[in-house]
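Below: one structure, written as structure tokens.
Residues take their numbers from the sequence shown, with the count starting at 1. Keep in mind that the numbers below use all heavy atoms, side chains included, and drop hydrogens, waters and symmetry copies. Counting starts at 1 for both ligands and their atoms, following the listed order.
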Amino acid sequence: MREAHVFSEIVHHTISADEVRAKAPCAIILSGGPKSVYDTPAPSLDPAIYELGIPVLGICYGAQLMAQQLGGDVANTGVGEYGRTTLTRQGASVLMPEWPANVTCWMSHGDAIARAPDGFVVTASSLEAPVAVMENVTRRLHAVQFHPEVVHTEHGQELLDNFLHHVAGVAPTWTNTSIIEDQVALIRAQVGEEKVLCALSGGVDSAVAAALVTKAVGHQLTCVFVDTGLMRKNEGDQIEETFTRQFGVELIHVKAQDRFFDALAGVTDPEAKRKIIGELFIREFEAVARDLGKGGDGPRFLVQGTLYPDVIESGSGYAANIKSHHNVGGLPDDLSFELIEPLRNLFKDEVRHVGEELGLPSEIVWRQPFPGPGLGVRIVGEVTRERAEILRNADHVVVDEIKKAGLYRELWQSFAVLPAVRTVGVMGDGRTYAYPIIIRAVTSDDAMTADWARLPYDVIESIANRLIREVDGVNRVALDVTSKPPGTIEWE
Ligand code: XMP
């Protein structure tokens, strides 16, 4: 929907017709899903929603549910279609007005609609789906068995565009510029003349959120960057360069490295390390916030880089796997802020585009995800200043070579890991006793699962050569070929 420049929200299928009416959407899309309408329980929909006069597009399971609820038949044939399938058109269609007679589409279904409900016209079929597309133009109810949203479906996005723009009459006005304008106006209205505080982490989300707030009320904003000693190479300098010199924002750069390394001395347990880093981060941030509030006119608002997927995950009650971030949470009661969350309607891709539009450097905007505790979760065993320095230098080499090979954006993450063993090696004429570096590179869509990236041999070779040559304390290089599961992406 968003690629068609239309704002969309995800809601749970248990939403009632009254709730839908109150939200007054221009259109409704029923998504696909892994269930069969014959399962008990099977996800269902308040049938009064079809009577609201709002255009509905059912996709896959959503199509079957619509067929069943409106009086058609769904057959539990056991013969499904998976993957590339030929769709054969029949008659005129609002969704596919100028499509050729046969189109390749992507299917993934076990059940199939056997008979469309009264009032519907079947406008396409496939070998195992006699009703692959059905439409009731008068009631503006449409359903497709295939997946228009996947790239393998020819003209798929066009079908969605047709539904939104022609059937539902929605104008394509949701653009990066409109997002920025809307948010700037909202932030100004929310903040008034008050002061605003923002913690920058080096990551994309906090940087884009801060850039938006800068555009809205830049002179009222103070940014805080806590250097934990566990950041990537040049991260602090880049933040400072961008926000202080380019955007002219007040930036408090807290150089807390010593305090973090002191607190981490001798600690090897992964959870204990995470806890120490998280709590110390909050204490450092708190100290700055208290300091700013001393005269009595401290910041009242706090900027958070919450994204739409975080909102869905915490609101839906069933999406699992929410990470506990150490990013500013758990502040003491006397430091209560009102939140500004200018990205809470956006997906990651949109955030990146908004960031570009706001003039953030592409190095920040296109950065791969980086965990809150930073290099701390990539150093197995004790985290010391020396070991963090080895890993930071090694990480820089890995990322640099991956970027040179043009692979940085297509990989979910690519980084170096420092294990807690040393091994014997030989360099020049001498024996060495130093650390190996493990190269970790994965592909993934959402970090819930991941596959190890099949890096080209010559890229692995140049990374390995440079690691040995350029990074003191390293004498060996290994490659992690574990997917998730059974592994995790990070090592700790
Ligand atoms: P794992 O290692 O569990 O990581 O497969 C999944 C994704 O989450 C990131 N990650 C974190 N992000 N705070 C964060 O903000 C954390 O404590 C944290 N731990 C892991 C990790 O980089 C990967 O993208």
Going by heavy-atom distance to atom 16 (C) of ligand 1, choose the closest among Pro369, Ser201, Gly374, Pro373. Pro373
Has Arg409 got its NZ or CZ under 6.0 Å from the middle of the six-membered ring of Trp366, at an angle within 45 degrees of the ring axis? yes
Is the charged tip of Arg232 near the ring of Phe415: under 6.0 Å from the six-membered ring centre and within 45° of its axis? no
Side chain to side chain, Phe347 and Tyr308, heavy atoms closer than 4.5 Å: yes
Side chains of Ile340 and Leu302, heavy atoms from C-beta outward: is any pair under 4.5 Å? no
Can an N or O of Phe370 be found at a distance shorter than 3.5 Å from an N or O of ligand 1? no
Would Ile489 count as a polar contact of ligand 1, with the cut-off being nitrogen or oxygen pairs under 3.5 Å? yes
Quick one: which ligand 1 atoms are inside 4.0 Å of a heavy atom on Gly372? 12 (N), 13 (N), 14 (C), 15 (O), 16 (C)
Ignoring hydrogens, just give me the one of Glu490, Arg440, Glu492 whose non-hydrogen atom is nearest atom 21 (C) of ligand 1. Glu490
Thr488 heavy atoms within 4.0 Å reach ligand 1 at atoms 1 (P), 2 (O), 5 (O)
Give the numbers and elements of all ligand 1 atoms closer than 4.0 Å to a heavy atom of Trp412. 24 (O)
Geometric cation-pi criterion Arg385 and Phe261, 6.0 Å radius, 45° cone: no
When you measure from the centre of the six-membered ring of Tyr435, is the NZ or CZ of Arg387 under 6.0 Å away and within 45° of the axis? yes
May I ask you to test the Trp174-Ile179 pair for a side-chain heavy-atom distance under 4.5 Å? yes
Ligand 1 to Lys484 polar contact by distance, N or O atoms, under 3.5 Å: yes
Measuring from the heavy atoms of Arg274, does anything fall under 4.0 Å of ligand 1? yes
